[in-house]
Amino acid sequence: MAASTHDALISLLSANAQWAQDVEADEPGFFQQSAKGQAPHTLWIGCADSRVPESVITGARPGEIFVHRNIANQFPVGDLSSEAVLAYAVDYLGVQHVVVVGHSECGGAAACLNAVQRPTFPEDGPVLTIPSLPYESSLNQWLEPLTTLTGSLQLSTTPKEEALPVIVEENVRLQVENLSKTATLVNAWSSSDEKKRNVYVHGWVYNLGTGLLRDLKVTRGPLSA
């Protein structure tokens with residue numbers, strides 16, 4: 001394999017070394033302190049899209065945000081990975097906020113929209129989001145809940161530029177609801193421990209075209225549970 005194929009990785013390593021040097025010079029002892037433990041205030045549940053790096057777009061420091069990212073920022077009920085992250089963040093790290101963050105021009109949401117706008121999209125039965133892949137494929141299995149949601153929004157003839165923002169927002173709303181039903185948050189909200197009880201779930205959308213986050217005002221907490 002030609003050395004040039006590794007140029008991107010070499011650049012990452014070089015940038016990391018410079019960053020570590022700059023941080024240590026600006027704040028001596030930062031990394032030694034960081035190694036002692038973490039106390040993030042927020043759990044960020046976002047999309048794996050490379051254009052939405054949570055620490056960069058919020059200007060957060062290492063240790064402030066606990067992160068779980070996947071395709072289309074989903075929190076499926078019963079998904080062990082997602083629920084384990086939530087349990088650890090709430091029960092052991094003591095986060096105060098859980099934020100579901102969708103974004104404009106989401107590729108996962110676009111795939112789901114394409115699926116429901118196909119003339120062959122089934123009204124009943126198995127949902128095939130990506131027809132070039134078998135139904136059992138990981139991508140089709142993962143996107144099925146979002147495609148089902150998209151199918152319920154009556155967008156089969158709506159232009160993409162109008163439909164996609166609707167899907168992105170409704171997806172965030174659904175994930176906030178899914179989170180609110182988890183045993184972790186139900187138990188936290190009924191806890192006698194005030195600190196544990198005061199954890200809130202929010203829904204935001206990031207605009208790739210402006211770099212700005214928008215609060216959808218769908219916050220759930222102990223008083224709304």
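Residues take their numbers from the sequence shown, with the count starting at 1. Source: prediction; values computed, not measured.
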Chemist: Please report the interatomic distance CD(Gln38) to CG(Leu93), rounded to the nearest 0.5 Å.
Modeler: 4.5 Å
Chemist: Is a donor on one side and an acceptor on the other found under 3.5 Å between the side chain of Ser11 and the backbone of Asp7?
Modeler: no
Chemist: Of all heavy-atom pairs between Cys47 and Cys106, which one has the smallest distance, and what is that distance?
Modeler: SG-SG, 4.3 Å
Chemist: Looking at every heavy atom in both Ile65 and Ala60, which two are closest together, and how far apart are they?
Modeler: CD1-CB, 3.6 Å
Chemist: Where do Ser156 and Val116 come nearest, in terms of heavy atoms and distance?
Modeler: CB-O, 4.0 Å
Chemist: Closer than 3.5 angstrom, by distance alone: can the side chain of Trp204 be matched with the main-chain N or O of His103 as a donor-acceptor pair?
Modeler: no
Chemist: If the condition is salt bridge (Lys or Arg N to Asp or Glu O under 4.0 Å), which residues does Glu54 pass it with, not counting sequence neighbours?
Modeler: Arg69
Chemist: Answer yes or no: is there a donor N or O on one side and an acceptor on the other, between the side chain of Ser180 and the main chain of Val176, under 3.5 Å?
Modeler: yes
Chemist: Could you list all the salt bridge (charged side-chain N to carboxylate O under 4.0 Å, His left out) pairs where at least one residue sits in residues 26-35, not counting sequence neighbours?
Modeler: Glu27-Arg61
Chemist: Mind listing the closest non-hydrogen atom pair of Pro53 and Ser50 along with its distance?
Modeler: CD-O, 4.0 Å
Chemist: Looking at CG of Asn178 and CG of Leu174, how far apart are the two atoms once the value is rounded to the nearest 0.5 Å?
Modeler: 4.5 Å
Chemist: If hydrophobic clusters are built from ILVMFWY residues whose side chains come within less than 4.5 Å, do Val218 and Leu185 share one?
Modeler: yes
Chemist: Let me know which of Leu128, Val127, Thr129 forms a side-chain contact (heavy atoms from CB on, under 4.5 Å) with Leu143.
Modeler: Thr129
Chemist: Roughly how far apart are His97 NE2 and Thr219 OG1, rounded to 0.5 Å?
Modeler: 9.0 Å
Chemist: Tell me whether the count of non-hydrogen atoms from other residues, nucleotides or ligands lying under 6.0 Å of CG in Leu80 goes above 12.
Modeler: no
Chemist: Do Asp22 and Gln18 pass the side chain to side chain donor-acceptor pair (under 3.5 Å) test, and can you show the C-alpha distance, the side-chain angles, and the key distance before you say yes or no?
Modeler: CA-CA 6 Å; Asp22 292 344; Gln18 184 63 57; 2.8 Å; yes
Chemist: Working to the nearest 0.5 angstrom, can you tell me the gap between Gln96 CD and Thr42 OG1?
Modeler: 7.5 Å
Chemist: Strictly distance-based, threshold 3.5 Å: is any side-chain N or O of Glu64 a donor or acceptor partner for the main-chain N or O of Ser55?
Modeler: no
Chemist: Please name the pair of heavy atoms, one in Ser82 and one in Asn70, separated by the smallest distance, quoted to 0.1 Å.
Modeler: OG-ND2, 4.4 Å
Chemist: Quick one: which residue pairs count as a salt bridge (charged side-chain N to carboxylate O under 4.0 Å, His left out) with a foot in residues 10-20, not counting sequence neighbours?
Modeler: none
Chemist: Which pairs pass salt bridge (charged side-chain N to carboxylate O under 4.0 Å, His left out) with one or both residues in residues 178-199, sequence neighbours excluded?
Modeler: Asp91-Lys196
Chemist: Do side-chain atoms of Asn207 reach the backbone of Ser104 as a donor and acceptor pair under 3.5 angstrom?
Modeler: no
Chemist: Could you go step by step and tell me if Ile45 and Val101 meet the side chain to side chain contact (heavy atoms under 4.5 Å, CB included) rule?
Modeler: CA-CA 6 Å; Ile45 299 176; Val101 185; over 6 Å; no
Chemist: Under the rule for salt bridge (Lys or Arg N to Asp or Glu O under 4.0 Å), what residues qualify as partners of Glu105, not counting sequence neighbours?
Modeler: none
Chemist: Work out which heavy atom in Gln175 is nearest to a heavy atom in Pro76; give both atom names and the distance.
Modeler: OE1-N, 4.2 Å
Chemist: Verify the cluster assignment for Leu216 and Val168: are they in a single hydrophobic cluster under the rule of side-chain heavy atoms below 4.5 Å apart?
Modeler: yes
Chemist: Membership question, hydrophobic clusters at under 4.5 Å side-chain separation (ILVMFWY): are Leu43 and Val201 in the same one?
Modeler: yes
Chemist: Using a 4.5 Å cut-off on heavy atoms from C-beta on, say whether the side chain of His68 contacts that of Ser81.
Modeler: yes
Chemist: CG/Leu179 to CZ/Phe75 distance, rounded to the nearest 0.5 angstrom?
Modeler: 4.5 Å
Chemist: Nearest 0.5 Å, please: how far is CG in Leu155 from SG in Cys112?
Modeler: 11.5 Å
Chemist: From the options Trp44, Tyr92, Tyr88, select the one residue that forms a ring-ring contact (aromatic ring centres under 6.0 Å, His included) with Phe66.
Modeler: Tyr88
Chemist: Please list all pairs meeting salt bridge (charged side-chain N to carboxylate O under 4.0 Å, His left out) that have one or both residues in residues 163-180, counting only residues at least two apart or in different chains.
Modeler: Glu169-Arg173, Glu169-Arg214, Glu170-Arg173, Glu177-Arg220
Chemist: Are Val52 and Leu213 connected, step by step, through hydrophobic side chains (Ile, Leu, Val, Met, Phe, Trp, Tyr) whose heavy atoms are closer than 4.5 Å?
Modeler: yes
Chemist: Check the surroundings of atom CD in Gln32: do more than 12 heavy atoms from other residues, nucleotides or ligands lie under 6.0 Å from it?
Modeler: no
Chemist: For Leu146, is there any backbone N or O sitting under 3.5 Å from a side-chain donor or acceptor partner on Asn171?
Modeler: no
Chemist: Side chains of Thr58 and Tyr206, heavy atoms from C-beta outward: is any pair under 4.5 Å?
Modeler: no
Chemist: With a 4.5 Å cut-off on side-chain heavy-atom distances among I, L, V, M, F, W and Y, is there a chain of contacts connecting Tyr200 to Val99?
Modeler: no
